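Just so it is clear: chains get the letters A, B, ... in the order the sequence lines come, proteins before strands, and each one is counted from 1. The structure displayed is predicted, hence computed values, not measured ones. Below, each value reflects all heavy atoms present in this structure, side chains not excepted, and no hydrogens, waters or symmetry copies.
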Amino acid sequence: MRRSRAFIPTMKEAPNDASLPSHIFLARAGFISQVAAGLYNYMPLAKRVIRKIENIINEEMEAVGAQEVELSFVTPVSLWMESGRVEKFGKELLRFKDRKENLFVLGPTHEEMMVDLVRNRVTSYRNLPLNLYQIKTKFRDEARPRFGLMRGREFIMKDGYSFHATIEDLDREFDAMERAYKKILTRLGVDFRVVEADSGAIGGSGSKELMVLADSGEDTIAVCSKCEYGANIEAAKRGARAVIPEAPEANFNKFLTSNVKTIDELAEFFKIDPYYTIKCIAKRVVYEDESEIVLFFVRGCDNLQEVKALNATDALDIVDVDEDELREIGLTPGFIGPLDQDKVKHVIDTDLKDATNMICGANEQDYHFVGVALGVLSDVAYFAEIAEVNEGDICPNCDGVLSFTKGIEVGHIFKLGSAYSEALKAEFLDENGKPQPFIMGTYGMGVSRLVAAIVEQNHDKKGCRWTKATAPYMVNIIISNIKNEAQVELGEKLYGQLQESGVEVMLDDRKERFGFKMKDAELIGFPYTIIIGKELANGAVQICDNQTTKKILVPIDNIYAQIMELL
RNA sequence: CGGGGUGUAGCUCAGUAUGGUUAGAGUACUUGGUUUGGGACCAAGGGGCCGAAGGUUCGAGUCCUUUCACCCCGACCA
């Protein structure tokens, strides 16, 4: 492509609504333009990057025997009624009517559609397993779209669904897909981690997220210093503590603790480690038709992990409560302890099971109990894992130490089981001629989000630093002075040679000054820029490596061979 | 959905407290000339319903009401 003919509207200044580097550079370098909140136009450069990602996905899906389909974007709301997800998705589902007043939604994901496609068409175990996928625009009417392509309302996603006769076969496919996904991200050239995840309200056993590591990631993930363990903080587990602080010795007793309300104050008051205190977090948990206040107890050194709390209570939502509400039902904020079991439901972190030498609220203004042994609650209380892991905790799989890092979720795979096939009555006949619901897996990968994630992980102050597998063009040839005939001649010759060799090459033949073209090239992020300029007088040109920004001098006779070698 | 903020040229932003010539700058764009290794310089141009609607006033970008859009924090996010 000749730069003089290319539609690449670069800008010196970013639109002021861009905050993340990926958003700023993709906008400035002429990849995307915003249309409305969470909606973007992809311009030629972005389109090329997207196609490269899609090609790699297609190749790897082909390799594992998944078949590509494309389902209609507009989907009848009746399917969503069948699965019961109309309410679950709520306002994120963009609903509208056609001229005949029929209700439709813009597909935010395609479980229902895919099950509908397969049901009554695949009817025998002999035709299983089956893995179908598509790469398609999705629409979710997010409450708050942000971060450019990272969290748009309209986005491109690869979504795949597998159908199996047995759980064992699903497990096999799940592992195969994990390997395929790892291979895709490796080929794209990004630094990533596969982590254990919460499977969300939809349920399912195995759930793994593929995270591109980047500081601006929205997810916090815990990773082990020694082994491969990694998990989303929402699902992270930990091993037994390596060092347990010295226990405060005391017999069971009620102690006057005037105005000592917080864990910090309590630990200071008794001169003890917060490990031996019990923290109470009161929340209102919301179910489909009702809600109630539940008290969650964790060690004073821990925090409540709300997603875990949600799973422990099987609730739809968890919201804050204020102190007045607590007083109304006879609780004393600041002094609530787990020994009083009859007012509201309690959930106690498993780490507190049979704990001894504890200090906790006495459910009475200005009093705490000391020397508490929770063994007495073993049979009456509900214990569940609700504490959030901390940095420095021990890995659940080895003796390494957990630390936190930020990640961008670009893939999520999990085992659906038969939730959808049962809801939509999608069945096959097994070996005994008995109808069985399909056992399913689902495999998502955010294509447009990957575009942003790649830049988020690969950029510097000047612009994008595309990986070789994702760069819109591999080589950019700058003719420093378009009026210099020798420069033009060599540029054109090289351009032709590289094109013939199948190299994706851009020829910057604009009537601009050198600095302008160079800045532009660095903003866009071509892996290699060949500079035909003043060194030509010495029979040489330069190759600028975009990763290192180093320039090397190459004699003109070697330039073609040299660049072909670098690619 | 709660809290906050911003809407003026393609982009970045002045101008609005205290209403008063023809609404400005930088950048980008067009033309001519000079320049040609790090977003050049000179000259001349084009480009605006001051987000929208209503109101107050002799007069509104500026004051009042309504509304829409976008951004940020939070909630939400199979």
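Straight-line distance between the C1' atoms of B:U34 and B:U6: roughly 42 Å, to the nearest whole Å. Comparing B:C64 with B:U56, their P atoms sit 15 Å apart, to the nearest whole Å. One P atom belongs to B:U36, the other to B:C72, and the distance between them is 45 Å to the nearest Å. If you take atom C1' in B:G5 and the same atom in B:G51, they sit 16 Å apart, rounded to whole Å. A distance of about 14 Å separates the C1' atoms of B:A60 and B:G15, rounded to the whole Å. Comparing B:U8 with B:C49, their C1' atoms sit 12 Å apart, to the nearest whole Å. Only the P atoms considered, B:G7 is 12 Å distant from B:C63, to the nearest whole Å. For the P atoms, the distance from B:A9 to B:U67 is 25 Å, rounded to whole Å.
If you take CG of A:D198 and C1' of B:A78, they are 11 Å apart, rounded to a whole angstrom. If you take CG of A:L523 and C1' of B:G38, they are 14 Å apart, rounded to a whole angstrom. Protein atom CD of A:E306 is 8 Å distant from nucleotide atom P of B:A75, rounded to whole Å. Atom pair A:I530:CD1 and B:G37:C1' shows a separation of 17 Å (rounding to whole Å applied). Atom CZ of A:R3 and atom C1' of B:G39 are 13 Å apart (whole Å). For the pair A:E142 CD and B:C71 P, the computed distance is 13 Å after rounding to whole Å. In this structure, the CG atom of A:D508 is 14 Å from the C1' atom of B:G37, given to the nearest Å. Between A:F147 atom CZ and B:C76 atom P the separation is 15 Å, expressed in whole Å.
Here the nucleotide nearest the side chain of A:R146, chosen from B:A78, B:C13, B:C72, is B:C72. Nearest to the side chain of A:R144, among B:C72, B:C71, B:G38, sits B:C72. For A:K534, whose side chain is taken as the heavy atoms from C-beta onward, the closest listed nucleotide among B:A78, B:C71, B:G37 is B:G37. Counting only heavy atoms from C-beta on, A:K91 has its side chain closest to B:C1 among B:G38, B:C1, B:A78. With distances taken from any side-chain atom of A:K551 to the nucleotides B:G39, B:G38, B:C71, the minimum falls on B:G38.
Pairing partner, B:A9: none, since no Watson-Crick or wobble contact has both distances short of 3.5 Å. Of all nucleotides present, none satisfies the Watson-Crick or G-U wobble test against B:A17 with each distance under 3.5 Å. Nucleotide B:G2 has B:C73 as its partner under the Watson-Crick or G-U criteria, with both atom distances under 3.5 Å. B:U35 is unpaired under the criterion used here, namely a Watson-Crick or G-U wobble arrangement in which both key atom distances are under 3.5 Å. With both pairing distances under 3.5 Å, B:U67 is matched to B:G51 as a Watson-Crick or G-U wobble pair. Of all nucleotides present, only B:A44 satisfies the Watson-Crick or G-U wobble test against B:U30, with each distance under 3.5 Å.
Contacts of A:S19 with the nucleic acid, taken as non-hydrogen atoms under 4.0 Å apart, involve only primed sugar atoms and P, OP1 or OP2. Within the nucleic acid shown, A:R28 comes within 4.0 Å of at least one base atom, counting heavy atoms only. Nucleic acid contact class of A:E92 (heavy atoms, under 4.0 Å, all strands): sugar-phosphate only. Counting non-hydrogen atoms under 4.0 angstrom, A:M150 reaches nothing in the nucleic acid. Residue contacts for A:D520: at a heavy-atom cut-off of 4.0 Å it reaches a base atom on one of the strands shown. A:A143 comes within 4.0 angstrom of a nucleotide base, judged by non-hydrogen atoms across all strands. At a threshold of 4.0 angstrom between heavy atoms, the contacts of A:E409 with the nucleic acid are absent. Here A:K138 lies out of heavy-atom contact (under 4.0 Å) with every strand.
Contact check on A:E325 versus A:R284 returns a salt bridge, with a Lys/Arg side-chain nitrogen under 4.0 Å from an Asp/Glu carboxylate oxygen. Between A:E112 and A:R85, at least one side-chain nitrogen of the basic residue sits less than 4.0 Å from a carboxylate oxygen of the acidic one, meeting the salt-bridge criterion. In this structure, A:K91 does not pair ionically with A:D141, as no charged nitrogen and carboxylate oxygen lie closer than 4.0 Å.
With rounding to the nearest 0.5 angstrom, the CG atom of A:L170 is 9.5 Å from the CG atom of A:D175. How far CE of A:M506 is from OH of A:Y495: 8.0 Å, rounded to the nearest 0.5 Å.
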- Determine, step by step, whether A:F31 and A:H23 satisfy the ring pair (Phe, Tyr, Trp, His ring centres under 6.0 Å) criterion, reporting the C-alpha distance in whole Å, the side-chain angles of both residues, the deciding distance to 0.1 Å, and the verdict. CA-CA 10 Å; A:F31 285 73; A:H23 191 183; over 10 Å; no

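Glycosidic conformation, B:C70: anti, with the torsion outside 90° of 0. A syn orientation is assigned to B:A17, its glycosidic angle lying within 90° of 0.
A distance of 6.0 Å or more separates the ring centres of A:W466 and A:F526.
The closest side-chain heavy-atom distance from A:K208 to A:H412 is not below 4.5 Å.
Residue-to-nucleotide proximity on RNA chain B shows that, of A:Q34 and A:K517, the 5′-proximal contact is made by A:K517. Mapping A:D17 and A:T10 onto RNA chain B via the closest heavy atom, the residue that lands nearer the 5' end is A:T10.
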5' to 3', nucleotides 25-36 of chain B under a 4.0 Å protein heavy-atom cut-off (B base, S sugar-phosphate only, - none) gives -B--------BB

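Judged by distance alone, the side chain of A:K345 and the main-chain N or O of A:L295 form no donor-acceptor pair under 3.5 Å. Checked by atom type and distance alone, the side chain of A:N484 pairs as donor or acceptor with a backbone atom of A:Q487 at under 3.5 Å.
Classification of the A:F163-A:F438 ring pair by plane angle, with boundaries at 30° and 60°, yields perpendicular.
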